[in-house]
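I have placed the structure first, in the form of structure tokens, so that the comments after it can refer back to it.
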There are 2 protein chains.
Amino acid sequence: MENDNILKALAHPVRRDMLAWLKEPEKHFSSQEHPLDMGICAGQFERCGLSQSTVSAHLAALSAAGLVTSRRVGQWVFYKRNEETIAAFRATLSDL
Amino acid sequence: MENDNILKALAHPVRRDMLAWLKEPEKHFSSQEHPLDMGICAGQFERCGLSQSTVSAHLAALSAAGLVTSRRVGQWVFYKRNEETIAAFRATLSDL
DNA sequence: TCTATATATCGCTAAAGTCCGATATACAGA
DNA sequence: TCTGTATATCGGACTTTAGCGATATATAGA
């Protein structure tokens, strides 16, 4: 659990938005065809206005930091928050 | 209270070290000539191994983020943690 | 096997961040 | 006013990050 990757990942507003959206899927991704409890598929995040390749890179950064998990199902990749890592990170910030 | 500046400031290991050192001044800055409760003067942070100008820039980043306060006394500038901002930031991270 | 869709990766450019030495500014004290 | 010390700012080199379009890969379905 390296805090450095996490803090670098959080140092970008788009990635923070993505994490925040994932916190309330039913609120932000009701348009998704797939059931929300599978996670949110990557394409949904293009709503941030950036290109597909850039969105993919942001998701990869969140994933590398351990802030989200991903799972491929068919042609889609579904993302979910990784609450364990997030909670652990928050705990380390208690003694910031 | 701009979270963006704070997270960007925290996204650098040297600046996190600086903040951590300031948490226990007696532990890390016992060599300082001035009383520790005035704060820690900028030069003390050059122990990180970076140049004076770079250290000054890092301190400026921390200050711009509101994570530290600074006070000039004579030719020195003393830095202290800004616990209010830090606590408020930690609170916002509760709903990360 | 062919086509269509979703995602990842590549190659590139632009912008931002990091670092340094040199210089400027602020202050103290002679 | 002059000198010495502490800190800040400037200018430039270098690295990293962010963004894009194009292409590659993975999968589904005909």
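Note that these values count all heavy atoms, side chains included, but never hydrogens, waters or copies made by symmetry. Just so it is clear: chains get the letters A, B, ... in the order the sequence lines come, proteins before strands, and each one is counted from 1.
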Non-hydrogen atoms of L7(B) and L10(A) that approach each other most closely: CD1-O, 3.7 Å
Just call it for [X]: base, sugar-phosphate, or nothing, with non-hydrogen atoms closer than 4.0 Å on any strand.
X: Y79(A); value: sugar-phosphate
X: F45(A); value: nothing
X: L50(A); value: sugar-phosphate

Closest nucleotide among dC19(C), dC27(C), dA8(D) to the V77(B) side chain: dA8(D)
Selection from dC19(C), dC20(D), dA8(D) that lies nearest to any side-chain heavy atom of T54(A): dC20(D)
Which residue lies more 5' along DNA chain D, comparing V14(A) with G74(A) via nearest heavy atoms: V14(A)
A11(A) vs Q75(B), nearer the 5' end of DNA chain D by closest nucleotide: Q75(B)
Quick one: is [X] getting a side-chain N or O under 4.0 Å of the [N] phosphate, OP1 or OP2?
X: H12(B); N: dT17(D); value: no
X: R15(A); N: dA18(D); value: yes
X: S51(A); N: dC20(D); value: yes
X: S56(A); N: dA8(C); value: yes
X: H58(B); N: dC19(C); value: yes

Euclidean distance, atom [atom1] of residue [X] to atom [atom2] of [N] [Å, nearest integer]:
X: L59(B); N: dT18(C); atom1: CG; atom2: C1'; answer: 15 Å
X: W76(B); N: dA8(D); atom1: CH2; atom2: P; answer: 14 Å
X: L62(A); N: dA18(D); atom1: CG; atom2: P; answer: 11 Å
X: E46(A); N: dC20(D); atom1: CD; atom2: C1'; answer: 13 Å
X: H34(A); N: dT5(C); atom1: NE2; atom2: C1'; answer: 11 Å

Donor-acceptor pair present, S53(A) side chain and dG21(D) base, under 3.5 Å: yes
Any donor-acceptor N/O pair under 3.5 Å between dA8(C) base and Q52(A) side chain: yes
Output field: ring centroids H34(B)/F78(B) closer than 6.0 Å: yes
Salt-bridge present (D95(B), K23(A); N to O < 4.0 Å): no
